[in-house]
Amino acid sequence: MTGAFPVLQRGERLPTGIDYLPADPEHVLWGRLPCAGDRPVASVAPGERIVVDTVSHEGILDDQGSDPVAFFGRYGVAGDQVLQDAVEITARGRRVAGDGPHVVTGPIAVAGARPGDLLAVRTERLEMRAPYGVISTRHGRGVLAADPELGGAYHTFCSVTAGPGGRWQGSLPTRHDAEPGDGPRVSFPLAPFLGIVGVATDTPGRVNSVPPGPHGGNVDIRLLTPGATLFLPVQVPEALLYVGDPHYAQGNGEVALTAFEAPLRAELSVDLLPRELVAEELGGVRGPFAAGHGLLVPTGLDADLNEALRRCVRNAVGLLSAVSGLDERQGYLYLSAAADFQISQAVDEVAGVHGELRVADFALDGVPGPVARRILERAR
């Protein structure tokens, strides 16, 4: 297979003057997330940037043969076009049966972070590391897992190709039984983002990588493209940030189970909002939320999708109150008339809903506090 661009192997084409964390086996966890007591593998100070490599789990899992060179070779990918860090991670075999599928890079210590602070993680830049990836359904976890025709375990190989205007797009065959390279194809636009961005849990053991929670983790919000900031409530000293589950494209809901899963290099910047001001200004907001692309993005998480929606609306009311001056009743009515609520994903044990609130709707003069001002700065 001739790729749309060369693979981006570990250590290649790095920017100068920024610390770099490769996805070496000793720098990742597979299937579990960092927790209290884990030792960081890198560090960053508020206001600084770090470049982090991520590896997709697709092509390396045991039900795919635990051999990414062989797996992708079936689709015409030459061995030297498979990421070496993915090969090494697979060879170490550190994932335990029952763990999640995701490979996460980290944890990264954030100097001075304290429980109760808000960690602001901004995606500055993302670079695709391979011109191919996978979409799959399996483990009885897609929305239609019980459907006799659409349930089961299967996947499709996706290529990255040049589309109109030279923009990259995803491409897959129209028939599931097509041989590699044969038959008509369907194409769709790419919008890469990290499905997992989180902080360590305040637990004695590492939690499964699949369900998202107050720590963030597998939130799968497709709006977290470059220019967006995810705000995470710090759970443990130094936060212990990690990232993973890289996507090239995802539809809201992620209904089959996975998105277009493929590896990314991420350039991230971090900031801290102190817990004293956070408690004063955002005391009613629970869990992670985001800002960027002209939007405020509250979240709601629960195993029950209806409850996830209720939690998201409640968090949206609190966020509006903090940043716009709307009292809660007016905010609730505003949301009904002017905001959208989307299913982030419905397949990760804990469902996710996120809101989309336009910052341009609010009069920003006299924003009540410094935390609100910093959030709004990230939203524009």
Side-chain angles (χ1 to χ4, degrees), residues 3 5-30 32-34 38-57 59-60 68 80-92 94 102-113 119-133 160 168 192-200 209 216-217 224-230 232 234 238-248 261-272:
F5 50 82
V7 298
L8 184 60
Q9 296 284 8
R10 172 180 49 214
E12 294 182 343
R13 305 196 299 274
L14 291 171
T16 59
I18 305 177
D19 286 346
Y20 166 59
L21 179 60
D24 294 335
E26 60 268 25
H27 296 152
V28 304
L29 296 176
W30 191 358
R32 295 274 166 176
L33 302 179
D38 272 328
R39 297 181 62 180
V41 296
S43 62
V44 64
E48 292 184 346
R49 298 188 181 195
I50 188 169
V51 172
V52 184
D53 277 347
T54 65
V55 169
S56 175
H57 55 274
I60 72 172
D80 63 358
Q81 294 298 295
V82 177
L83 291 179
Q84 187 59 36
D85 43 15
V87 173
E88 293 177 5
I89 289 166
T90 310
R92 293 283 184 94
R94 291 165 53 192
H102 311 100
V103 177
V104 296
T105 309
I108 302 164
V110 179
L119 180 66
V121 184
R122 178 181 168 92
T123 301
E124 301 287 353
R125 185 169 178 266
L126 294 171
E127 190 170 2
M128 293 183 288
R129 298 187 64 202
Y132 57 84
V160 176
W168 298 122
F193 73 99
L194 295 169
I196 288 180
V197 181
V199 293
S209 68
L224 296 178
T225 54
T229 299
L230 183 64
L232 297 162
V234 174
E238 296 191 309
L240 300 183
L241 170 69
Y242 52 87
V243 296
D245 192 26
H247 298 155
Y248 285 4
E261 312 279 333
L264 292 168
R265 174 172 291 168
E267 183 177 327
L268 308 170
S269 62
V270 301
D271 197 7
L272 278 177

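None of these values were measured; they are calculated from a predicted model.
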Only pairs at least two apart or in different chains count here, so list each side-chain hydrogen bond (donor to acceptor under 3.5 Å, both in side chains) that has a residue in residues 38-48.
Asp38-Arg206
Close side-chain approach of Ile60 and Val103, heavy atoms under 4.5 Å
yes
Counting only N and O atoms by type, is there a donor-acceptor contact under 3.5 Å from the side chain of His102 to the main-chain atoms of Asp245?
no
Can you check whether Thr123 reaches Leu268 side chain to side chain, under 4.5 Å on heavy atoms?
yes
Ring pair (Phe, Tyr, Trp, His ring centres under 6.0 Å) involving Tyr242 - partner list, sequence neighbours excluded
none
Looking at side-chain heavy atoms only, is the closest gap between Val44 and Asp19 below 4.5 Å?
no
Would you indicate whether the side-chain heavy atoms of Leu241 and Pro107 approach each other to under 4.5 Å?
no
Taking the side chain as every heavy atom from C-beta outward, state whether Leu272 and Leu119 have any pair of such atoms under 4.5 Å apart.
yes
Between Asp24 and Arg10 (salt bridge meaning N to carboxylate O under 4.0 Å), is one present in this structure?
yes
d(Ile89 CD1, His57 NE2) to nearest 0.5 Å is 12.5 Å
Could you work out, with ring pair (Phe, Tyr, Trp, His ring centres under 6.0 Å) as the rule, every residue matching Phe5, not counting sequence neighbours?
Trp168
Within the 4.5 Å heavy-atom criterion, are Ile108 and Ile50 side-chain neighbours or not?
yes
List the steps and the verdict of side-chain contact (heavy atoms from CB on, under 4.5 Å) for Glu12 and Val7.
CA-CA 10 Å; Glu12 294 182 343; Val7 298; 5.6 Å; no
Please confirm whether the backbone N or O of Asp53 pairs with a side-chain atom of Arg265, one donor and one acceptor, at under 3.5 Å?
no
Hydrogens and angles aside, do Ser269 and Glu124 bring a side-chain donor and acceptor to less than 3.5 Å of each other?
yes
